[in-house]
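For reference, the structure is listed below as structure tokens.
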Amino acid sequence: QVQLVESGGGLVQAGGSLRLSCEASGVTFSDYSMGWFRQAPGKEREFVAAISRRGFSSDYAGSTRGRFTISRDNAKNTVYLQMNSLKPDDTAVYYCAASSFSYLSRGLVEYNYWGQGTQVTVSS
């Protein structure tokens, strides 16, 4: 059974930092590119960042580029999202997702598996 479990969310003041983790099980982790998405109340789920299978390539949404860093440790079956200089607009439930496609995607359909999400709240 495939599971993606996010952790590391919480409440932080604007300008602060959080590091999200997503541990995968039930899959060969290195076969999957990984992505982070987020969804605020009443909003569509949106792309945040993605990283290739070996971790050599990454992609970021314009709103997060320069503040967020995606990374992975295949030996730990874990993908991370380091979030710095957080803003209230970053408040959302953050989801990790796994894709069997060889290319990085900003869409939803290319991702095979999804975690249940972790709440990030940034106070002003």
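Quick note: numbers below take in every heavy atom, side chains included, and nothing from hydrogens, waters or symmetry partners.
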Flag for Asn84-Ser17: side-chain donor and acceptor within less than 3.5 Å: yes
As an exercise, state the distance from [atom1] of [X] to [atom2] of [Y], rounded to the nearest 0.5 Å.
{"X": "Ser57", "Y": "Tyr103", "atom1": "OG", "atom2": "OH", "answer": "15.0 Å"}
{"X": "Arg54", "Y": "Ser33", "atom1": "CZ", "atom2": "OG", "answer": "13.5 Å"}
{"X": "Asn77", "Y": "Gln3", "atom1": "CG", "atom2": "CD", "answer": "12.5 Å"}

Please determine whether residues Phe101 and Tyr111 belong to a single hydrophobic cluster, defined as Ile, Leu, Val, Met, Phe, Trp and Tyr linked transitively by side-chain heavy-atom distances below 4.5 Å. no
Locate the shortest heavy-atom distance separating [X] from [Y]; write the atom from each residue and the value.
{"X": "Ala14", "Y": "Ser124", "answer": "CB-CA, 4.5 Å"}
{"X": "Lys43", "Y": "Gln39", "answer": "O-NE2, 3.0 Å"}
{"X": "Ser21", "Y": "Thr78", "answer": "CB-CG2, 4.2 Å"}

Ser25: what forms a side-chain hydrogen bond (donor to acceptor under 3.5 Å, both in side chains) with it, not counting sequence neighbours? none
side-chain hydrogen bond (donor to acceptor under 3.5 Å, both in side chains) with Ser123: which residues, sequence neighbours excluded? none
Could you check whether Arg53 pairs with Asp31 (Lys NZ or Arg NE/NH1/NH2 to Asp/Glu carboxylate O, under 4.0 Å)? no
CD/Gln119: more than 12 non-hydrogen atoms of other groups inside 6.0 Å: yes
Please collect all salt bridge (charged side-chain N to carboxylate O under 4.0 Å, His left out) contacts where either partner lies in residues 4-24, sequence neighbours excluded, each pair once. none
Is any side-chain heavy atom of Asp59 less than 4.5 Å from a side-chain heavy atom of Phe47? yes
Does the side chain of Ser63 come within less than 4.5 Å of Arg38's, by heavy atoms? yes
Is the distance between the ring centroids of Tyr95 and Phe37 under 6.0 Å? no
Taking the hydrophobic residues Ile, Leu, Val, Met, Phe, Trp and Tyr, and joining any pair whose side-chain heavy atoms are under 4.5 Å apart, which ones share a cluster with Ile70? Val2, Leu4, Val12, Leu18, Leu20, Val27, Phe29, Tyr32, Met34, Trp36, Val48, Ile51, Tyr60, Phe68, Val79, Leu81, Met83, Leu86, Tyr94, Tyr113, Val120, Val122
Using a 4.5 Å cut-off between side-chain heavy atoms of Ile, Leu, Val, Met, Phe, Trp and Tyr, which other residues end up in the same hydrophobic cluster as Phe56? none
List the steps, then state whether side-chain hydrogen bond (donor to acceptor under 3.5 Å, both in side chains) holds for Asn112 with Ser100. CA-CA 7 Å; Asn112 306 77; Ser100 62; 3.2 Å; yes
Between Ser105 and Glu110, is a side-chain hydrogen bond (donor to acceptor under 3.5 Å, both in side chains) present by the stated rule, with each step listed? CA-CA 7 Å; Ser105 176; Glu110 291 86 359; 2.8 Å; yes
side-chain contact (heavy atoms from CB on, under 4.5 Å) between Val93 and Gln116, worked out: CA-CA 9 Å; Val93 176; Gln116 293 300 306; over 6 Å; no
Answer yes or no on whether Arg72 is positioned over the face of Tyr80, meaning its NZ or CZ is under 6.0 Å from the six-membered ring centre and within 45° of the axis. no
Disulfide (SG to SG under 2.5 Å): which pairs involve residues 14-104, sequence neighbours left out? Cys22-Cys96
